There are 2 protein chains.
Amino acid sequence: MNGRRPAWNATPPDDAVDALLVASRALVSVAARSLAGDEEITLPQFRTLVLLAGEVRVTVTDIAHALDIHPSSATRLCDRLVRKGLIERIASQDDRRVVEVHLAPGGRAAMERVTVRRRRDLATIADRMTDDELAGAVKALHAFADAAGALATPDLWGWDPRLPEDSG
Amino acid sequence: MNGRRPAWNATPPDDAVDALLVASRALVSVAARSLAGDEEITLPQFRTLVLLAGEVRVTVTDIAHALDIHPSSATRLCDRLVRKGLIERIASQDDRRVVEVHLAPGGRAAMERVTVRRRRDLATIADRMTDDELAGAVKALHAFADAAGALATPDLWGWDPRLPEDSG
DNA sequence: GGGAATGCATGCAGAAAAGCAATTATTGCA
DNA sequence: TGCAATAATTGCTTTTCTGCATGCATTCCC
């Protein structure tokens, strides 16, 4: 209802969602693989790194919300990432209860390595598409990423009424 | 080199791979969330169910290759899925060493629930795209899924020289 | 027929993830 | 000032995921 499509066509067609769904599975597979082979970085850990890379100020609570896990689990997740030298905990100046989590140099490097790996796999897939298909995919995926990104901010994920917490 | 693009343009452009990469992260996030809320199905477990849903004959070895894990890990994964009533083990007729793994009714139902959840989230995102963007996305994503699917068959993933096992 | 290879399972072990309850420190508000 | 709310952590428990080595049954091939 909040979207960019007119009110007389308020619901995205099923086949569009289907296409996203199928592509989603393929991309998840690629993502899981790019992680599996790499040096001991798990999916929750990588998702945390991605979050840190994209936001200026991320707290432990933000991580818990973004990954939809218990705050204590987020603390433990950070423990492991700190132990690996991938992130740093910094006490917030504004509110001394808060701990800001930042990407450490090692974390940035690790993201780099995983990303290179994933790019390689994606390039292998892209290589099997025609130029036209690829151009269309790029345009579409940019739009998709923008739309997803607008919802992916910590302020929205998890407690936004647009995505009811547990209705399924 | 094996792809559908002409030889004079053999490598997919970086920005295309970039778009896939960014979209990949967004979709992984959606996928992880659709799992987190649901009933105790982990990512490896769901990936297994997806594999079973898409192939006619899947063996334990196939699962190990598809998920890039040790055969014994695949056995344990199946143990847990059997215990949950999501899959069934059936001794192969052709080769009595082989165990075929099939989706149980409960597994199909579980996939259904997770998929409904994921579709809901994807629809929320699609709702923020224009009709044109969405139409382009469907076309492109189908092509992408086809290209990925061609590589995702058990025969290719894991030991196809196109995706060197550990070069990163 | 007999050894090699294949497919799967089991014993063993370690790491990761996740939740709940309880605690500490800090902040906000009446 | 004092009490409630918030942020993060810690202790504890359980489940899952993963690999390696080993063993067992079956199949393949010389």
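Please read all numbers here as calculations on a predicted model, not as lab measurements. In what follows, chains carry the letters A, B, and so on, assigned in the order in which the sequence lines appear, proteins first and then strands, with residues in each chain numbered from 1.
B:Ser72 comes within 4.0 angstrom of a nucleotide base, judged by non-hydrogen atoms across all strands. Looking at heavy-atom distances under 4.0 Å, A:Pro44 makes contact with sugar-phosphate atoms alone, never a base.
Nearest nucleotide to the side chain of B:Gln45, out of C:dA17, C:dC20, D:dT16: D:dT16. When the nucleotides C:dC8, D:dT16, C:dA16 are ranked by their closest atom to the side chain of B:Arg83, D:dT16 comes out on top. Listed candidates were C:dA16, C:dC8, D:dA8. Nearest to the side chain of A:Arg80 is C:dA16.
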Listing, residues 99-109 of chain A side-chain donor-acceptor contacts under 3.5 Å, not counting sequence neighbours, or none:
from     : atom 1 : to       : atom 2 : distance (Å)
A:Glu100 : OE1    : A:His102 : NE2    : 3.0
A:Glu100 : OE2    : A:Arg57  : NE     : 3.1

Name every donor-acceptor pair, under 3.5 Å, that has one atom in a side chain of residues 71-80 of chain B and the other anywhere in the protein, sequence neighbours excluded.
from    : atom 1 : to      : atom 2 : distance (Å)
B:Ser72 : OG     : B:His70 : ND1    : 3.0
B:Thr75 : OG1    : B:Pro71 : O      : 3.3
B:Asp79 : OD1    : B:Arg89 : NH2    : 2.2

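Residues B:Leu49 and B:Gln45 have side chains not in contact (no heavy-atom distance under 4.5 Å, counting atoms from C-beta outward).
Between the P atom of D:dT10 and the CG atom of A:Asp79 lies a distance of 6 Å, rounded to the nearest Å. The NE2 atom of B:His65 sits 10 Å away from the P atom of C:dC8 (whole-angstrom rounding). Distance CG (B:Leu81) to C1' (C:dC8): 16 Å, rounded to an integer number of Å. Rounded to a whole Å, the CG atom of A:Leu77 is 14 Å from the P atom of D:dA8. In this structure, the CG atom of B:Leu86 is 11 Å from the P atom of D:dT16, given to the nearest Å. Computed from coordinates, the B:Leu43 CG to D:dT18 P distance equals 9 Å when rounded to whole Å. The interatomic distance linking B:His70 (NE2) with D:dA21 (P) rounds to 8 Å, in whole Å. Straight-line distance from the CG atom of A:Leu67 to the P atom of C:dA17: 10 Å, rounded to whole Å.
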Step-by-step salt bridge (charged side-chain N to carboxylate O under 4.0 Å, His left out) determination, A:Asp146 to B:Arg128: CA-CA 9 Å; A:Asp146 285 348; B:Arg128 301 174 68 91; over 6 Å; no
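Judged as a side-chain hydrogen bond (donor to acceptor under 3.5 Å, both in side chains), and not counting sequence neighbours, the contacts of A:Arg118 are A:Ser34, B:Ser24. Partners of B:Arg97 under the side-chain hydrogen bond (donor to acceptor under 3.5 Å, both in side chains) rule, at least two apart in sequence or in another chain, are B:Asp95. The side-chain hydrogen bond (donor to acceptor under 3.5 Å, both in side chains) check on A:Asp132 picks up nothing, with sequence neighbours excluded.
At D:dT15, none of the side-chain N or O atoms of B:Lys84 fall inside 4.0 Å of OP1 or OP2 (strictly under the cut-off). The side chain of A:Ser73 contributes an N or O atom lying less than 4.0 Å from OP1 or OP2 of C:dG19. Residue B:Arg76 has no polar side-chain atom (N or O) positioned under 4.0 Å from OP1 or OP2 of C:dC12.
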Protein within reach of the bases, or only the backbone? For nucleotides 23-30 of chain C, mark each nucleotide 5' to 3' as B, S or -, using heavy atoms under 4.0 Å. --BBS---
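Ranked by how close their nearest DNA chain D nucleotide is to the 5' end, A:Cys78 and B:Ile69 are led by A:Cys78.
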